[in-house]
Trainee: 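Can you read through this structure? Questions will come right after.
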Amino acid sequence: MASSEYEVRLKKLQTLKELGVRYPYRYETTHTIDGLKENFKEGERVRIAGRVLTKRPFGKLIFSHLRGEFADIQIMVQKGKTPEDFFVGLNLEKYGGSRNPAKIYEKFVDIGDVIGVEGETVRTKTGEPTVLVERLTLLVKSLHPLPEKWHGIQDPELKYRRRYVYLISNLEARKHFYRRFLFLRETRRFFEERGFIELETPILQPIYGGATARPFKTYSNALETDLYLRIATELSLKKLLVGGFSRIYEIGKNFRNEGIDSTHYPEFTALEAYAAYWDYGDVMELTEEYFNTMVRLLTGGEEEFEYAGKRINARRPFKRIRFVESLNEKVGFDVLKAPYEKLLAVAEREGIKVKNPTRAKLYDKLFDHFVGDHITDPTFVMDHPIELSPLARRHREEEGVVERFELFVAGMEVANAFSELNDPIDQKERLLKEVELRKVAKDEELPEDVDWDFITALEYGMPPTGGLGLGLDRIFMLITNSENIRDVIPLPTLRPKEDQSS
RNA sequence: GGGCCGUUAGCUCAGUAGGUAGAGCACCGGAUUUUUAAUCCGGGGGUCGCAGGUUCGAUUCCUGCACGGCCCA
């Protein structure tokens, strides 16, 4: 990584040290740059700190922009107004060069450095809010040059791999992640206002469950056992429901050791919420309100948003369709009654390749292909086949399906909810069937074993419950028109490259 | 997993119908007291992703690999 510019900066740093400059441990500011910019008044004495973005020297005068968190402000070093000894620590006698402060700034302060300045607020001839520097403290030097000031980082790989550099040079990106914070905060507030409390459940588990997915595996030295990173929080939260909590939720990461693409990421942020005494109808109400609320939050009050060039209408009520009927309509027969071979034949005819094509997987893939992929506006897909939903309660009126819904928006599944299965006997049978199926279908996404502690918990009695899972990354992607899931993850992981140490 | 595309200076990008490369920003030296991508003069900087092959000669053509992007499954 040795670059000549890196060496130039190292050398400059060495010179500054020799001239007496030391990095301070703290810097007292009177304003943030954002705050000062927002409430700018002339003739104030201020102390601010930020990163140097630009330099425009004019001999006896130099302009520079400092970057705060979400705003920039101009500073100015001017001979005659800025004292000669403005650079904290710098021994002028020893330096022996020009005493013109503008020249000293030009020479020793580089683009990318973090500095603190003290001075008076003024407006320049063009009216730009500016701090006329009287004292400057070098807080830390940047040893690397910043990306091109005009275009910033364009290379998508660099944008993810060196996210910090991308964030330095791109204020919009910072605001984007600030909006992610607002989104998560409002999500918590939404559930809190409705009586839900947030509880944390284990990430490391001896048995994984609650979804169909391949897990990450690790090992505990203390417990002398293999552990898995959770693929869902469902079973843990249900144990807490049995324990007596009636409205609980958790926001956290789930881990799935599977492929990465624009909508899948191995550690994704999900919310699961459970309300005792509710059924999926109550949850649907809640979900509709939640999604609509988040759209209004992130669009500044609108009920529509743009995603991938499409206008999405999030006005309530959302459209409701039934899983089986909508699929039947497309394939021309009753998928629940059709023999397995017939389903497989349709998949083959449509060119859908299904690995380990169990009946459940065929339902899933066929539905996405014929229906899910074509959904644009928020739509509840209801009452899934029972094979697809081992944790959902059987439909109160219909055979072969469960009380479940998924929310689809722009072809993406963003919510999944059930009337939760609370019959321990039915639950045990269905989970055992999954484990059996794993052996037959050799499908590593199916569970290795039943979480017997979960069954025991259900045997103590879990009240009728409505449960909800939300893919928070995806919801935020949609509403902020981010087409790649990595664009909503502050520090995305990429495949490691060769050693890059300098 | 398959297909297509990309990888050239720190960054953004040109380019070579095969003769080892350019610009802008950034950097270095100089000029400049009101700029907003400041400007002007001068300068340094490259294993052209990696490894093979073809060739007198490869950054350029071919093959493989790595990393990334998009699409399909």
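All heavy atoms count here, side chains included; hydrogens, waters and symmetry mates do not. We name chains A, B, ... by the order of the sequence lines, and we start the count at 1 in each one.
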Trainee: Go ahead and name the base partner of B:C27; Watson-Crick or wobble counts if both distances stay under 3.5 Å, otherwise write none.
Mentor: B:G43

Trainee: On a whole-Å scale, what distance lies between the P atoms belonging to B:C11 and B:G53?
Mentor: 30 Å

Trainee: Are A:His374 and A:Phe408 an aromatic pair by the rule of ring centers under 6.0 Å?
Mentor: no

Trainee: Quick one: which of B:G44, B:U35, B:C11 gets closest to the side chain of A:Thr124?
Mentor: B:U35

Trainee: Tell me which of A:Leu61 and A:His151 sits closer to the 5' end of RNA chain B, going by the nucleotide each one is nearest to.
Mentor: A:His151

Trainee: B:C61 and B:G68: how far apart are their P atoms, nearest whole angstrom?
Mentor: 24 Å

Trainee: Can you identify which nucleotide, out of B:U34, B:G69, B:A37, has its nearest atom closest to the A:Trp150 side chain?
Mentor: B:A37

Trainee: Go through the side-chain N and O atoms of A:Arg359 and A:Tyr363 and say whether any donor and acceptor fall under 3.5 Å apart.
Mentor: yes

Trainee: Under 4.0 Å between a side-chain N/O of A:Arg56 and OP1 or OP2 of B:U35, yes or no?
Mentor: no

Trainee: Consider the side chain of A:Lys125, meaning its heavy atoms from C-beta on, and name the nucleotide among B:G68, B:U34, B:C11 that approaches it most closely.
Mentor: B:U34

Trainee: Please work out if A:Ile62 contacts a base, only the sugar-phosphate, or nothing of the nucleic acid, heavy-atom cut-off 4.0 Å.
Mentor: nothing

Trainee: Give the rounded distance in Å between these two atoms: CZ of A:Phe108 and P of B:C27.
Mentor: 15 Å

Trainee: With syn defined as a glycosidic angle within 90° of 0 and anti as the rest, where does B:U20 land?
Mentor: syn

Trainee: For A:Glu106 and B:U35, what is the distance between atoms CD and P respectively, to the nearest whole Å?
Mentor: 17 Å

Trainee: Indicate whether OP1 or OP2 belonging to B:C28 is found under 4.0 Å from a side-chain N or O atom of A:Lys11.
Mentor: no

Trainee: For the side chain of A:Ile153, counting heavy atoms from C-beta on, which of B:C27, B:U35, B:U12 is nearest?
Mentor: B:U12

Trainee: Ring stacking, A:Phe63 with base of B:U35, under 5.5 Å and under 30°?
Mentor: yes

Trainee: Give A:Gly351 one of three labels, base, sugar-phosphate or nothing, depending on what nucleic acid heavy atoms sit under 4.0 Å from its own.
Mentor: sugar-phosphate

Trainee: Is there a Watson-Crick or G-U wobble partner for B:A38 with both distances under 3.5 Å, and which nucleotide is it?
Mentor: none

Trainee: C1' atom, B:C4 versus B:A21: distance in rounded Å?
Mentor: 28 Å

Trainee: Taking the inter-plane angle between the rings of A:Phe216 and A:Phe255 on a 0 to 90° scale, is it parallel (under 30°), tilted (30 to 60°) or perpendicular (over 60°)?
Mentor: perpendicular

Trainee: Pick the C1' atom in B:C70 and in B:U63, then give their distance to the nearest Å.
Mentor: 24 Å

Trainee: Where the side chain of A:Asp155 meets the backbone of A:Glu157, is there a donor-acceptor pair that is under 3.5 Å apart?
Mentor: yes

Trainee: Would you kindly give the CG-to-P distance between A:Asn484 and B:C70, to the nearest whole Å?
Mentor: 5 Å

Trainee: If you assign A:Glu350 and A:Val109 each to the RNA chain B nucleotide with the nearest heavy atom, which residue ends up on the more 5' nucleotide?
Mentor: A:Val109

Trainee: Heavy atoms only, 4.0 Å cut-off, all strands: where does A:Gly152 land among base, sugar-phosphate and nothing?
Mentor: sugar-phosphate

Trainee: Determine the interplanar angle of the A:Phe63 and A:Phe58 rings, folded into 0 to 90°, and report it as parallel if under 30°, tilted if 30 to 60°, perpendicular if over 60°.
Mentor: perpendicular

Trainee: Please give the nucleotide sitting opposite B:A66 as a Watson-Crick or G-U wobble pair, both distances under 3.5 Å, or none.
Mentor: B:U7

Trainee: Taking atom types as modelled, find out whether A:Gln154 and A:His151 have a side-chain donor-acceptor pair closer than 3.5 angstrom.
Mentor: no

Trainee: Does the Lys NZ or Arg CZ of A:Arg256 fall within the cation-pi geometry relative to A:Phe268 - under 6.0 Å from the ring centre and within 45° of the axis?
Mentor: no

Trainee: What interatomic distance, in whole Å, is found between P of B:G19 and the corresponding atom of B:C25?
Mentor: 29 Å

Trainee: Please report the distance separating the P of B:U39 from the corresponding atom of B:G52, rounded so that it comes out in whole Å.
Mentor: 45 Å

Trainee: Has A:Lys355 got a side-chain N or O lying under 4.0 Å from the OP1 or OP2 atom of B:G1?
Mentor: no

Trainee: Rounding to the closest angstrom, what is the interatomic distance between B:G57 and B:C5 at atom C1'?
Mentor: 29 Å

Trainee: May I have the distance from A:Asp155 (atom CG) to B:U8 (atom C1'), rounded to whole angstrom?
Mentor: 13 Å

Trainee: Does A:Glu157 contact B:U7 through a side-chain donor or acceptor facing the base, at a distance under 3.5 Å?
Mentor: no

Trainee: Can you figure out which of B:C27, B:G24, B:U35 approaches the side chain of A:Glu148 most closely?
Mentor: B:G24

Trainee: Measure CD/A:Glu7 against P/B:G45 and give the value in whole Å, please.
Mentor: 13 Å

Trainee: Could you tell me the separation between the CG atom of A:Leu53 and the C1' atom of B:A26, rounded to a whole number of Å?
Mentor: 13 Å

Trainee: Below 3.5 Å, does any donor atom in the side chain of A:Gln154 face an acceptor in the base of B:U12, or the other way round?
Mentor: no

Trainee: Check A:Asp473 with A:Arg180, please: is the shortest side-chain N to carboxylate O separation under 4.0 Å?
Mentor: yes

Trainee: Measure from CG on A:Asn100 to P on B:U32 and round the result to the nearest Å.
Mentor: 10 Å

Trainee: Does B:G69 have OP1 or OP2 sitting under 4.0 Å from an N or O in the side chain of A:Arg486?
Mentor: yes

Trainee: With C1' as the reference atom in both, quote the distance from B:U47 to B:A58 in angstrom, rounded to an integer.
Mentor: 13 Å

Trainee: Tell me the interatomic distance from A:Ile111, atom CD1, to B:C28, atom C1', rounded to whole angstroms.
Mentor: 14 Å

Trainee: Report yes if a donor N or O on one partner sits less than 3.5 Å from an acceptor N or O on the other, where the partners are the side chain of A:Lys103 and the base of B:U32; otherwise report no.
Mentor: yes

Trainee: OP1 or OP2 of B:G29 less than 4.0 angstrom from a side-chain nitrogen or oxygen of A:Lys107, does that happen here?
Mentor: yes

